Number of protein chains: 2
Amino acid sequence: MTEDDDRVFKALADPTRRFLLDLLHARDGRTQSELEGELAMSRFGVAKHLKVLEEAGLVVTRRVGREKLHHLNPVPIRLIHDRWIDKYTEPRVAALTELKAQLESEE
Amino acid sequence: MTEDDDRVFKALADPTRRFLLDLLHARDGRTQSELEGELAMSRFGVAKHLKVLEEAGLVVTRRVGREKLHHLNPVPIRLIHDRWIDKYTEPRVAALTELKAQLESEE
DNA sequence: TTGACATGTGACCAGATGGTCACCTATTCT
DNA sequence: AGAATAGGTGACCATCTGGTCACATGTCAA
């Protein structure tokens, strides 16, 4: 339980892994080699990162023949949100976040 | 911008720092020495962790005399959420998360 | 004003992390 | 069957990270 979310946070701590999640968010169900093509890194590095994401439950995989398809699982991310933002403060935080985005886009 | 969120994710990667956020979520505006009392660690360790949280923007501080008061800032956490959960999928993810919590509480 | 209290800084060390490589297995295509 | 493709494993190394300590500054109370 506590170790579970430790894996999630540790997985999110690396920029390459976050980029992999971005890729899957843009288009789900990619193979490992397809993802390798998007990164300037050896396939071993990418495979290692995907393994970390999978063990954290942020990515779910399905094997088809010799290929492995990767899907994004957003539930752990929602749980991060819910840990420090409760139902009552949520609307206020959402408004603040919106405001921040607006201010930054005006520059 | 990208470095900004790198600091946020790196800050969240450590269990001690997450616990400090939990403490501030339960009660805001604590001093550093008050937080030290909650942890089995030297004051230097705690101070270092608080500095990381502050530089990530997850904690905001205010100095009063010789004391330093700490407040939780939830906006960066909301931004993590919004990065991978868009408005359209949000209700579905929220429902799934709810379901997951229910199933786990039934055990 | 002197001593206790709250916090800050830089050096240092053990252990964790990110990345690469050599080598291996399983599946598909011709 | 043989070659090419997709992916997996364990060792190895440079660097980052978490924690401690000696020392220092600013603030409050008697």
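All values derive from a computational prediction rather than experimental measurement. The basis for the numbers below is simple: all heavy atoms, side chains too, and nothing from hydrogens, waters or symmetry mates. Naming: A, B, ... by sequence-line order, numbering from 1 per chain.
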Nearest whole angstrom, please: distance from the [atom2] of [N] to the [atom1] of [X].
{"X": "Glu36(B)", "N": "dA6(C)", "atom1": "CD", "atom2": "C1'", "result": "8 Å"}
{"X": "Phe44(A)", "N": "dC24(C)", "atom1": "CZ", "atom2": "C1'", "result": "11 Å"}
{"X": "Lys48(B)", "N": "dG8(C)", "atom1": "NZ", "atom2": "C1'", "result": "13 Å"}
{"X": "Asp14(A)", "N": "dT15(D)", "atom1": "CG", "atom2": "P", "result": "17 Å"}
{"X": "Arg63(A)", "N": "dT5(D)", "atom1": "CZ", "atom2": "P", "result": "17 Å"}
{"X": "Glu67(B)", "N": "dC28(D)", "atom1": "CD", "atom2": "P", "result": "9 Å"}

Remember a base hit wins even if backbone is also touched, and classify [X] as base, sugar-phosphate or nothing at under 4.0 Å, heavy atoms.
{"X": "Gly65(B)", "answer": "sugar-phosphate"}
{"X": "Arg43(A)", "answer": "base"}
{"X": "Lys51(A)", "answer": "nothing"}

> Is it true that atom CZ of Arg83(B) has more than 12 heavy atoms of other residues, nucleotides or ligands lying nearer than 6.0 Å?
Replying inline: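 Above 12, so yes.
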> Just wondering, more than 12 heavy atoms not from Arg63(B) lying within 6.0 Å of its CZ?
Replying inline: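 Result for CZ/Arg63(B): enclosed.
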> Does the dT7(C) base have a donor-acceptor partner in the side chain of Arg66(B) within less than 3.5 Å?
Replying inline: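 There is none.
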> Relative to the 5' end of DNA chain C, which residue comes earlier, Val52(A) or Ser33(B), by the nucleotide with the nearest heavy atom?
Replying inline: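 Its nucleotide being nearer the 5' end, the pick is Ser33(B).
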